[in-house]
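Report on the structure given below.
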Protein chains: 2
Amino acid sequence: MSTTSGRPRRATVHDVAVVAGVSRGTISRYVNGDPYVSASARHAIEAAIAEVGYVPNTAARHLVMQRTETVAFIVHEPHSLFIEDPNIGGILLGANAALSEADHQMAVLIIDTERDTERVAKYLSGGSVDGAIIVSARAYDPVARVVERLRLPAAFVGHPPGATSAAFVVIDNRGSAHAITERLIGTGRRRIGMIAAALDRDSGSERLAGFADALGDRYDDNLVERVPLYSYSAGRDGMNALLDRAPDIDGVFAASDAVAAGAMEALRAAGRRVPEDVGVVGFDDSAWARRTLPALSTVRQPAEGLGRQAATLVLEQLRGDITPREVLLESEIVWRESA
Amino acid sequence: MSTTSGRPRRATVHDVAVVAGVSRGTISRYVNGDPYVSASARHAIEAAIAEVGYVPNTAARHLVMQRTETVAFIVHEPHSLFIEDPNIGGILLGANAALSEADHQMAVLIIDTERDTERVAKYLSGGSVDGAIIVSARAYDPVARVVERLRLPAAFVGHPPGATSAAFVVIDNRGSAHAITERLIGTGRRRIGMIAAALDRDSGSERLAGFADALGDRYDDNLVERVPLYSYSAGRDGMNALLDRAPDIDGVFAASDAVAAGAMEALRAAGRRVPEDVGVVGFDDSAWARRTLPALSTVRQPAEGLGRQAATLVLEQLRGDITPREVLLESEIVWRESA
DNA sequence: TTGTAAGCGTTATCAG
DNA sequence: CTGATAACGCTTACAA
């Protein structure tokens, strides 16, 4: 008499229990793989579950278990980067794969506005997730602080902000810088310089160290220009400074692809051809690398690996394992036409 | 005496009630913005909440309210597309923005393997979300079916598979095809053809219709080559066929960027210059569009708008509003060098 | 091996 | 305006 549409009521353990003719406790034990369930009960329950279409209610489960089997994936990136940087998609996919294999959910939280920050902080505090993967947190990121206050098992992709004891996964900046500089040397360049950026960050100083490692005795500090940011304009300015100081320069390692793009612009303005007169290499394999003409030889981040590792780190903490605080991932060189 | 570390126990309404000296019911009313809370109670509660650091437990809330204020964002795309297609990131961001404004969470569910399909179906059935946004579902997508069986308020980005009554948001394929063809005409081409693809899909037939609309009397069916797929090779073959039939062709509207890229390859092989001899335009503004040489003039999907609209559609259904079943979004033309 | 019953932390109804 | 108290659907001792 009373059916308008409306959503179908979900079957509960109780319904299954009635149909199967056993108690709710037994249903629960069956569902959770408890070995102490007789074969006969098992059969009855299986049939009943199929009949009523039972699926355990997540909220009830979370409430009583105090666990959600969900890990947050928090991205705090400017809008444009999220869309354009292929790395972020790869990290996401890698993390999803690892979590999925461990039967965990991934809750992607995008922080795009002030309002989002607050909402996410509340979400985390509300116990909706067991752990968190944090991509590119800002210094003094409020979200990172919430994670720390909650003692939420977490792993950062990239260096965590401040002096947390949090686990993190990073690429081997020094080793990769060393490797790409070596390849640049291999092209026969004799006067190789570097536009070093962001030396106040680990990534920046390590890339410079790797450059120096590769050059060894031939390292000439006069061929290193230090700029503040990983930016296009810093690259342009840096290259101009280098060109002033050492007009015979024939190879440049730029600390990032954006810097490299700026440097190439300066070289073009100065009438130097790339790669004929000057070889240029970058770092990151970001969208910049494909936009330059010629396309940039650069260091590709193992994006999926970073995501996978970060997820693994969180899962291990959840399991109570002792986990490394820091994981270094080797990255790959993509050789295109700029050197 | 007893403190090893371990996670701090979360404060509950009960704790707040004790500190504030009122009942749990009153706390709950305050937290949920019920107006029937005296000023004195309010003050006491505010202080108590701050003191004990209370944040409502999400699971308990969900359980009793039978709502989660969470909307799933389901992506079912091949791996590579997820990373490379800038549209998907935009849709995600747009949906997040709309949901965030309505104080809802977005749970991003990526389906990458068989296992994922199952996990996601379970997740949805478990009542973890109030609604779903589905991007690019497959025909007979099991997830789409679960959504339908659950009568979960949903919105598709793109045409929903099968004959569901689900709401969806699409771009105006016909109008956009009309517009870009018109611009191609505007460049002075006299013999304009089309490589029409996927005519068994709405998007395919509508793009052809838009092309015909723009040409009006000048439409010549002999200049239309029909190919099965939106693919590079179909584009190459289609162009070759067109070149055979009408060697004097000087303009081509390809049904997608991939098709356009294939067509350009065929033109190059035939010794025709683009855009000097033949103008080419595509559709989608996918990664292909920037890879061709010269870069492709094409139709850009309003990605963020699609995501925002889809989210809005779901939120409206949640609110019980009567919602449109279909939303058409106008898209934008990106004029580059290929025509 | 199974049933019973006590919570998990909220919200909501209903008297006061 | 406020306090009890009964759900919400599940897991988990504890008894049997």
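Note that the coordinates shown come from a computational prediction; the quantities given were computed from them, not determined experimentally. Heavy-atom basis, side chains included; hydrogens, waters and symmetry copies ignored. Chain letters run A, B, ... following the sequence lines, proteins first and then strands; every chain starts at 1.
- Sequence order on DNA chain D of the closest nucleotides to A:R10 and B:Y36 puts B:Y36 first from the 5' end.
- Atom pair A:M65:CE and C:dG9:C1' shows a separation of 16 Å (rounding to whole Å applied).
- Atom CD1 in B:I45 sits roughly 10 Å away from atom C1' in D:dT2 (whole-Å rounding).
- Counting to the nearest Å, the P atom of D:dT12 and the CG atom of A:D34 are 9 Å from each other.
- For the pair A:T12 and D:dC8, the criterion of a side-chain N or O lying under 4.0 Å from OP1 or OP2 is not met.
- Here C:dT11 presents its C1' atom at 10 Å from OH of B:Y54, a figure rounded to the nearest Å.
- Looking at heavy-atom distances under 4.0 Å, A:V22 makes contact with sugar-phosphate atoms alone, never a base.
- Atom CG of A:L63 and atom P of C:dG7 are 14 Å apart (whole Å).
- Per the geometry, NE2 belonging to B:H14 stands 14 Å off P belonging to D:dT5, to the nearest Å.
- Judged by closest nucleotide on DNA chain D, B:A39 is the one of B:A39 and B:Q66 placed further toward the 5' end.
- The minimum heavy-atom distance between A:P160 and A:A166, with the atom names listed, is CG-O, 4.3 Å.
- Close to D:dT11, at under 4.0 Å from its OP1 or OP2, lies a side-chain N or O of A:R61.
- Side-chain nitrogen and oxygen atoms of A:N57 include none within less than 4.0 Å of the OP1 or OP2 phosphate oxygen of D:dC8.
- Closest to the side chain of A:R29, from the set D:dT5, D:dT2, C:dT2, is C:dT2.
- Side-chain contact between A:S125 and A:V146 is present, with at least one heavy-atom pair separated by less than 4.5 Å.
- You'll find the side chain of B:D130 stays beyond 4.5 Å of the side chain of B:P153, heavy atoms only.
- By the neighbour-count criterion of 12 heavy atoms within 6.0 Å, atom CD of B:E326 is densely surrounded, having more than that number from other residues, nucleotides or ligands.
- In this structure, CZ of A:R67 is placed 17 Å from P of C:dC8, rounded to the nearest angstrom.
- Between B:Y30 and the phosphate of C:dT10, there is no side-chain N or O to OP1/OP2 separation shorter than 4.0 Å.
- Nearest nucleotide to the A:A60 side chain, out of D:dT11, D:dA13, D:dG9: D:dG9.
- OP1 or OP2 of C:dG3 has at least one side-chain nitrogen or oxygen of A:T26 nearer than 4.0 Å.
- No contact: A:V31 has no heavy atom under 4.0 Å from any strand.
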Passes salt bridge (charged side-chain N to carboxylate O under 4.0 Å, His left out), A:K122 versus B:D103? Steps please.
CA-CA 11 Å; A:K122 217 165 247 162; B:D103 267 313; over 6 Å; no
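- Between B:R24 atom CZ and C:dT13 atom C1' there is a gap of 14 Å when expressed in whole angstrom units.
- Here the nucleotide nearest the side chain of A:A41, chosen from D:dT2, D:dC8, C:dT2, is C:dT2.
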